[in-house]
Amino acid sequence: MTALAPDPAKVPDYLGMVKPSGDPKNGDYQANFAMPLAKVLGKKPLEVAAEVVAKLPKNDLLESATVAGPGFINLKLSDGWIAKQVQSIAADTRLGVAKSPQPKTFVIDLSGPNVAKPLHVGHLRSTIIGDALVRILRFLGHTVIGDNHLGDWGTQFGILIYGYKHHLEKAAFEKDPVRELARLYVHVRNLAKVAKDDDEDAAKGDVADAYRAETAKLHTGDPENVALWHQFMPACLEMLRPIYERLDVKIDHALGESFYNPMLAGVVDDLLKKGIAAEKNGAVVLPNAAGVIKETAERDENEPPPIIRKRDGAFTYTTTDLATIKYRVETWKPDVMLYVVDARQALHFKTLFANARRWGYSNVEFHHIAFGSILGKDKKPIRTRDGGTVELSSLLDEAAELGLKKYEESYAERKAHGHDVPELTHDAKMEIANAVGIGAVKYADLSGNRVSDYVFDTDKMLSTEGNTATYMQYAYARCRSIFRKGNADETAFRTSPPKVLLTHPSERALALQLLKFEEVLSNAAAEYLPHYITQYLWDVAKAFSGFFEGCPVLTAPSEELKQSRLLLVDLTGRVIHTALGLLGIRTVERM
RNA sequence: GCCCCCGUAGCUCAGGGGAUAGAGCAUCGGUUUCCUAAACCGAGGGUCACAGGUUCGAAUCCUGUCGGGGGUACCA
């Protein structure tokens, strides 16, 4: 390649044009660089391609390299090489996935629910996508700090304080503070006639004025309200705990808005002192210097500058976010900071990042990991926390219930066909039901491109057909079932794997898929797109289904082939288990 | 007004310079003496919103138009 290309700097670009084939008929990989190279060299693409093929060194990697079409070079890997590679990754606990040679430190901002309110489907995406990114990056060897930037300083506390002062049922509070606070929250909102649109700050009327006053007192340090806040917080966190537990999400830190509150005045002072912030109409704003906010500031001087201190002296989320950046950089010294937040906040993050760089944090990479809205069947974003929308916990219940129902149907069907199916304990069944149900919800969220909106359709996400978590879990259960049935010990296949034989197209296709795991993970991590992994899982599971149909394992024609196929089965199971695990989805031994 | 995202099969969506544009669902047909049929195999189904442009090559990049959604200084 270096010999052919006139411009050595472009060699990596050309090599980047070697990609998996779009169509398996054209081999495993295709190299597309002959066409542009021909242009530069003034030759015909077919000649260049032929020249490249002729110059390929002898190796055991490729079975063939052929020129096709206008100048594609189709590459087919040799069976021997594939077999050897599969055998070698089977002995690797990381399944052939190398750790990043340049590990970085990431801070990932995820979940960020408002405490004191019931967790709602709207919080699902940040939690699930963020958790998946934490797991993926960590698996690749990076240092990852997950931080749950709780909304724990807002109007909802004014609501609770007002409710506590005027509508408390003492006995209920002593018995179960979590439940009583939840009741008070709903009760006061109803008193204030906060509509379904969730905007409790905009509500009008005496009650709304009263709880806003309580919020303001809290913010200005009123001792009674601050004490109540301290009293409420543990109960509020307790409301969240079971949901995270069910979702299997653990977040390293939960430094919410309240944590940064004492730092906000200092942030504003510093920005003023450095001349970045300026007073305007009684408020303090961050004016848009040309170039600070690309694409808008220079063209449109009317782009509104973010406010960091309101005319009434209160701070805004921009102030909090800047304080957060300062704290995170000083505490964890990250290379990259990811914000897994709704796409509608794109402008906020654009200006926030620009101003953070201006403030001096220019050696940190900031990315807004935007995701689309969850839509109702009416195609409108689900935003309300009451008035008929689904609470997360009830959704998870529903999902698990359906998982259980599916198991029981399948159990009955197998029994009717005369299969030998064991009676499971209630706990074992519930484990399956939860893994399947909650896996289905997570997978539905992760399997589309994150920036797309998606319609929240319980029937669809809990469907057991098609590209769903269930399909992958089923493929895994089949892998395990073969080992149970054959009384085979998987450890041998992981310590001293047998020789791999590729005697059938399905074996080869499956083996090739298993080898792509590393490439897929690094792509998913590079673009922060978990759906690359679901796409891959789908390909693996489909390849396995083909193999399962076409290649008997336990009754293979020879002992060598049986051993080889057992290795493929075990490795498939491990890849599925690991890949699902990186998405926060569990597998079960049988289903 | 300005900014951002989106428009691909009946529906839900992948693909974001490379060959004849792919999946799932739905529809129609087939498969179970066989390691889990929560499975598999097959069929039909397309003006990649539209119009220009760049390119050897455009669903993909650029410009414009139309249509949908979102955002836009004292909520977060």
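A, B, ... follow the sequence lines: proteins, then strands. Residue 1 opens every chain. Just so we're clear, the structure is a prediction, and the values are computed from it rather than from any experiment.
- Judged by distance alone with a 3.5 Å cut-off, no donor-acceptor contact links the side chain of A:Y474 to the base of B:A38.
- In this pair, A:F493 and A:F483 present their aromatic rings perpendicular. The plane angle is above 60°, beyond the 30 to 60° band.
- For A:Y471, a side-chain nitrogen or oxygen approaches OP1 or OP2 of B:C40 to under 4.0 Å.
- Taking only side-chain atoms of A:F548, from C-beta outward, the nucleotide of B:A76, B:A37, B:A19 with the closest atom is B:A37.
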Quick test: give all pairs of protein nitrogen or oxygen and nucleotides 21-24 of chain B nitrogen or oxygen below 3.5 Å, distance rounded to 0.1 Å.
unit_1, atom_1, unit_2, atom_2, d
B:A23, O2', A:W538, NE1, 3.0

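- Contact check, A:K280 against B:A73: no side-chain N or O comes under 4.0 Å of OP1 or OP2.
- Between A:Y411 atom OH and B:A38 atom P the separation is 14 Å, expressed in whole Å.
- Taking atom OH of residue A:Y443 and atom P of nucleotide B:A38, one finds them 19 Å apart after rounding to whole Å.
- We find that CD1 of A:I159 is positioned 15 Å from P of B:C75, with the value rounded to whole Å.
- When each of B:C35, B:G18, B:A38 is scored by its nearest atom to the side-chain atoms of A:K406, the top-ranked nucleotide is B:A38.
- Between A:F33 and A:Y14, the ring planes lie perpendicular to each other; the angle is over 60°, past the 30° to 60° tilted range.
- Pairs engaging residues 534-562 of chain A under the salt bridge (charged side-chain N to carboxylate O under 4.0 Å, His left out) rule: none recorded [sequence neighbours left out].
- Between A:H531 and B:G15, a side-chain N or O to OP1/OP2 separation shorter than 4.0 Å is present.
- Taking 4.0 angstrom as the limit, A:R414 places none of its side-chain polar atoms (N or O) nearer than this to OP1 or OP2 of B:U32.
- Phosphate contact (OP1/OP2 of B:A39, side-chain N/O of A:S545, threshold under 4.0 Å): absent.
- Aromatic ring orientation, A:Y528 versus A:H367: tilted (interplanar angle from 30° to 60°).
- The closest side-chain heavy-atom distance from A:F548 to A:I482 is below 4.5 Å.
- In this structure, the nucleotide among B:A38, B:A19, B:U72 sitting nearest to the side chain of A:Q30 is B:A19.
- In this structure, the nucleotide among B:C35, B:A73, B:A76 sitting nearest to the side chain of A:Y317 is B:A76.
- Side-chain contact between A:K19 and A:Y29: absent, with no pair of heavy atoms (C-beta onward) separated by less than 4.5 Å.
- Nucleotides B:C28 and B:G45 have their C1' atoms positioned 12 Å apart, rounded to a whole Å.
- Annotation: B:A23 and B:G44 have their P atoms spaced 12 Å apart (nearest Å).
- Taking atom CZ on A:R311 and atom P on B:C75, their separation rounds to 10 Å, with Å as the unit.
- The side chain of A:N74 lies closest to B:A19, out of B:A19, B:A38, B:C35.
- Across all strands, A:F315 comes closer than 4.0 Å only to sugar-phosphate atoms, never to a base (heavy-atom distances).
- In this structure, of B:A76, B:C35, B:A38, it is B:C35 that holds the atom nearest to the side chain of A:V553.
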- Item | Which nucleotides of RNA chain B pair, in dot-bracket form (Watson-Crick or G-U under 3.5 Å, | meaning another strand) | ((((((((.[[[[.)..(...]]]].(((((.......))))).....[[[[[..)....]]]]])))))))....

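- Nucleotides B:C62 and B:C5 are separated by 10 Å at their P atoms, to the nearest Å.
- Of the candidates B:A19, B:A38, B:A76, B:A19 carries the atom nearest the A:F72 side chain, counting heavy atoms from C-beta on.
- In this model, the phosphate group of B:C13 is not approached by any side-chain N or O of A:N449 to a distance below 4.0 Å at OP1 or OP2.
- Among the atoms of the strands shown, none is found under 4.0 Å from any heavy atom of A:A343.
- Ion pairing between A:D28 and A:K76 fails under the 4.0 Å rule for side-chain N and carboxylate O.
- Side-chain N/O atoms of A:T320 include none lying less than 4.0 angstrom from OP1 or OP2 on B:A76.
- Inspection of the A:Y443 and A:T470 side chains reveals no N or O donor paired with an N or O acceptor under 3.5 Å.
- How far CD1 of A:I308 is from OG1 of A:T318: 8.5 Å, rounded to the nearest 0.5 Å.
- Nearest nucleotide to the A:D453 side chain, out of B:G69, B:G71, B:A38: B:G69.
- Comparing B:A19, B:A14, B:A76 by their closest approach to the side chain of A:E257 singles out B:A76.
- Side-chain polar atoms of A:D152 and A:S258 form a donor-acceptor pair below 3.5 angstrom.
- Closest to the side chain of A:E549, from the set B:A38, B:C40, B:G15, is B:C40.
- Taking 4.5 Å as the limit, some side-chain heavy atom of A:H348 sits within range of a side-chain heavy atom of A:D321.
- Between A:R478 and B:A37 there is a side-chain N or O to OP1 or OP2 distance below 4.0 Å.
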